[in-house]
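Written out below as structure tokens is the structure these notes cover.
Owing to the predicted nature of the structure, the values given are computational and were not obtained by experimental measurement. Here is the naming used below: chain letters follow the sequence lines, and residue numbers restart at 1 for every chain.
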4 protein chains.
Amino acid sequence: MRQVPAKLASKLYGAAELIAERGLADAKVDEIADAAGIPKATLYYYFTGKDEVLAFLLADMLGLIAGEVGTAASAPGSARDRLESAVEAQLAVMLDHPAVCRALVGDLGRATRLPELAAALQEAFHRPIASLLAEGVSDGTLRLVEDPGAVALSIFGAITVTGLSAAVDGSSNDSAKDAARIAASICDLMLNGLATTPANPEGDR
Amino acid sequence: MRQVPAKLASKLYGAAELIAERGLADAKVDEIADAAGIPKATLYYYFTGKDEVLAFLLADMLGLIAGEVGTAASAPGSARDRLESAVEAQLAVMLDHPAVCRALVGDLGRATRLPELAAALQEAFHRPIASLLAEGVSDGTLRLVEDPGAVALSIFGAITVTGLSAAVDGSSNDSAKDAARIAASICDLMLNGLATTPANPEGDR
Amino acid sequence: MRQVPAKLASKLYGAAELIAERGLADAKVDEIADAAGIPKATLYYYFTGKDEVLAFLLADMLGLIAGEVGTAASAPGSARDRLESAVEAQLAVMLDHPAVCRALVGDLGRATRLPELAAALQEAFHRPIASLLAEGVSDGTLRLVEDPGAVALSIFGAITVTGLSAAVDGSSNDSAKDAARIAASICDLMLNGLATTPANPEGDR
Amino acid sequence: MRQVPAKLASKLYGAAELIAERGLADAKVDEIADAAGIPKATLYYYFTGKDEVLAFLLADMLGLIAGEVGTAASAPGSARDRLESAVEAQLAVMLDHPAVCRALVGDLGRATRLPELAAALQEAFHRPIASLLAEGVSDGTLRLVEDPGAVALSIFGAITVTGLSAAVDGSSNDSAKDAARIAASICDLMLNGLATTPANPEGDR
DNA sequence: CATGAATGAGCATTCATTCAT
DNA sequence: CATGAATGAATGCTCATTCAT
């Protein structure tokens, strides 16, 4: 895989919608090239095959997301506040790039099959949350739970599915506002819970 | 698509693992037929094509899941208790059929593309939760949230992603126990939240 | 091939239109069965295979035609008069059964490949004409030509192509009248020729 | 269907014999490709399917025939002489390309189904004859008949069937001589008729 | 006798990839 | 450096035929 020129990379994003629509496996190289507006053979000049094209696209997208979330997560403030920022950042980036997001999550199943992709997903989405949970326990702004891994996964799932749903829906056109609203809902749920009575001291079950 | 005999349906489940492993697009019809132990042409006698085979499998699985979750959700007891039962039921059925579940979520992207499947998913997973949330507000066991749709989606996401993760992992062999443990974690999170201080009265942001 | 019940035979004629439309090779057994209104497997009860079904249909049709033409050709009268009757009979039967005729002639190419069919065609269409030409020379009503075979073939071709054209066209609904009119044209041509000056005695070349 | 390179076109003629022998429906794409000496996939690069390959071949052949016949028909001389030339030209080209001719007539049934092909046939064979008949009336070398369309069709049929018969037979190896001999027979018939007595003035029937 | 269900064997078509220019 | 033309290797699907009932 040669150094991909920025111009080509940006053109390739034009294919994200296609991938979101058809799925990775069903997106033909011809279609990807057409959607990107470049000759098919040119793809093969820069990439060694279809999979590499897709890997490049996904990696690029994930890098973007990881960056934004990472920034929010490492800002100053309490872990709890930063968790809220990170949730919002994650939703914001998903709603900003709905096609990319659909392509990514739509072929989530591939994560099961491509370890590399699974790791990148973990890095971009899951780890920041897990870290913030731990930090929250340290700085006293979040309580200690029994199975932090499951909780991080739950939060990740809540964000991802809610974000995907909004991305697929696509009816709104103020994505920043949507992200803020949804993030508020999720954070309210995750922080305050739904119970009308405080948890009894003996545990929940 | 002809009426599929029960015997054939059950044989087809033998192909779920394959689909989970390879993904639908990469699972050759020959392989599916082999995995199910039936001649390829017989598949085409009952289904109009590869996609219909998958659609049948997914629909069948979703029906199963919907049944189990529905039973839990409509048992006697407070809505809050039933929510906990439903979460556990959902996780239990996911862990009971890990291959099916992986196939389902693995091709989740298809849900974006097949409205029919999206509707079935909604029916099996999402709606029971949404209903219980509303009932909880009525019977006073769950508090009223601002955006119940987003909350239901979040819970659905938490369960699904956590369940998928456990299904993919597959290291344990007491799935019922796993389901109970994970369900407890999720419910603790969803009911009690993570905040160390009660939500301030002005709202969280 | 079992004795074919008359009822079945008549039903099979319902498939002639289909064969005319699609061609023999492209008419699927399923389609033939559907067109005839009988179960596909029943065809296989009476016939050993697709080809036999087709052979039966074609043979039956040709038998019909041969009979009508034969009757006209063996009526009393001069050979020349009987030639005219035979031409008209042939056209009449073609226009009476346009689908059969199209199926038969449309797959004329098959005659090249199925010797049996070629022989039957010869018998039904070509031989009566050749015989009448010879008889006409004997009874003095038709002149002797140099290559009687070529002439018989020419007449056969003129009738067949003209009849096929009319059968395909299908715009008229008085087939008997059409047949008479076309037959008159052909006979006028074949008997009197187009030359404005009599043939010179040395022959045409 | 892309622009077909001349080289490819000429190679495809190598498959005409095969199509003539087997018929289009029974000629496998593999066999056609083999007979033409090109990879199967290359056929699909230029044509959208098997049918288009045949359509191209037939159209190409018909173009050839139309050219030769057109030349003969537009030479100087009386219409009657040119009719004789055209008949001979048509037979000559049929006997020169027996495989093509057999393929053409063999799938003549297709003409019933492909309007495009029917039009091309009309153009190549039928129209020149019809024109010459009309011109013959004008220049006084051919008499006026009642139904010129039927007569043109009859002549076309006579030539085609006779030519096909000779092409299928294929026993001779001096095709030019054969064409001349058959053409003479047909022209003798068409010009002078078979009647031993002149047509009676009241018409033939 | 007749037929619904099932299938073996084959085939048209697709598509990722190569490579000469 | 970029690409139009060409193709090898699969693969989804069809369809004539069988057979238990």
Side-chain angles (χ1 to χ4, degrees), chain A residues 2-5 7-8 25-34 37-54, chain B residues 2-5 7-8 11 24-34 37-54, chain C residues 2-5 7-8 24-34 37-54, chain D residues 2-5 7-8 11 24-33 37-54:
Chain A
R2 290 162 207 268
Q3 194 37 255
V4 178
K7 197 168 183 177
L8 174 60
D26 289 334
K28 320 289 157 74
V29 173
D30 281 286
E31 295 174 331
I32 293 175
D34 280 357
I38 52 172
K40 183 172 47 163
T42 301
L43 282 182
Y44 281 92
Y45 179 70
Y46 287 104
F47 303 98
T48 57
K50 184 187 176 183
D51 283 347
E52 210 181 70
V53 175
L54 300 173
Chain B
R2 288 164 208 266
Q3 184 54 244
V4 178
K7 197 168 184 178
L8 173 60
K11 281 183 176 175
L24 178 72
D26 290 331
K28 325 296 178 203
V29 174
D30 282 290
E31 295 174 330
I32 293 177
D34 281 357
I38 52 172
K40 187 173 35 164
T42 301
L43 278 183
Y44 283 96
Y45 179 69
Y46 286 102
F47 304 99
T48 55
K50 190 183 172 182
D51 283 350
E52 214 181 67
V53 174
L54 178 83
Chain C
R2 289 163 207 266
Q3 195 36 258
V4 178
K7 196 168 185 178
L8 174 60
L24 284 175
D26 289 333
K28 321 287 157 76
V29 173
D30 282 286
E31 295 174 331
I32 293 175
D34 280 357
I38 51 171
K40 182 171 48 162
T42 301
L43 282 182
Y44 281 92
Y45 179 71
Y46 287 104
F47 302 99
T48 58
K50 184 188 176 183
D51 283 347
E52 209 181 72
V53 175
L54 300 172
Chain D
R2 288 165 208 265
Q3 185 53 243
V4 178
K7 196 167 183 176
L8 174 60
K11 281 182 176 175
L24 179 71
D26 290 332
K28 326 293 179 202
V29 173
D30 281 290
E31 296 173 329
I32 294 176
I38 53 171
K40 187 174 34 165
T42 301
L43 278 184
Y44 283 94
Y45 179 69
Y46 286 102
F47 303 99
T48 55
K50 190 182 169 182
D51 282 351
E52 214 182 66
V53 174
L54 178 82

Those residues that, when tested against D/E52, pass salt bridge (Lys or Arg N to Asp or Glu O under 4.0 Å) (two or more places apart): none
Dot-bracket encoding of pairs in DNA chain F, which uses [ ] for pseudoknotted crossings and | for another strand, Watson-Crick or G-U under 3.5 angstrom: .||||||||||||||||||||
C/L43 CG to C/K40 NZ distance, which is reported to the nearest 0.5 Å: 9.5 Å
Given DNA chain F, 5'-ward residue of the pair D/P5 and A/L43, judged by closest heavy atom: A/L43
Between NZ on residue A/K50 and OH on residue A/Y44, distance to nearest 0.5 Å: 8.0 Å
Touch class at under 4.0 angstrom, heavy-atom based, for B/F47 against every strand present: nothing
Atom pair distance, as rounded to whole Å: CG in C/D34 and C1' in F/dC15: 13 Å
Separation of atom CD in C/E52 from atom P in F/dT17, rounded to whole Å: 10 Å
Could you list the protein-to-nucleotides 10-13 of chain F atom pairs, N/O on both sides, closer than 3.5 Å?
unit_1 : atom_1 : unit_2 : atom_2 : d
F/dT11 : OP1    : B/K28  : NZ     : 2.9
F/dG12 : OP1    : B/K50  : NZ     : 3.3
F/dG12 : OP2    : B/V29  : N      : 3.0
F/dC13 : OP2    : B/Y44  : OH     : 2.6
F/dC13 : OP2    : B/K50  : N      : 3.2
F/dC13 : N4     : B/K40  : NZ     : 2.4

Presence of A/Y45 side-chain N/O under 4.0 Å of E/dT18 phosphate oxygens OP1/OP2: no
Interatomic distance, A/L8 CG vs F/dC1 P [rounded to whole Å]: 13 Å
Spatial distance of atom CD1 (B/I32) from atom CZ (B/F47) [nearest 0.5 Å]: 10.0 Å
Reported CZ-to-CG distance for the pair A/R2 and A/L8, which is rounded to 0.5 angstrom: 12.0 Å
Heavy-atom pair with the smallest gap, counting every atom of D/K11 and D/I38: CD-CG2, 3.7 Å
Note, B/Y45 side chain near B/P39 side chain (heavy atom, < 4.5 Å): no
5′-ward residue of the pair D/A41/C/T42 relative to DNA chain E: C/T42
Nearest-angstrom distance from the residue atom CD1 of C/I32 to P of F/dA16: 8 Å
Atom-pair distance (CG on A/D26; C1' on E/dC15), nearest Å: 12 Å
Nearest-Å distance for atom pair CD1/P, residues C/I38 and E/dT3: 8 Å
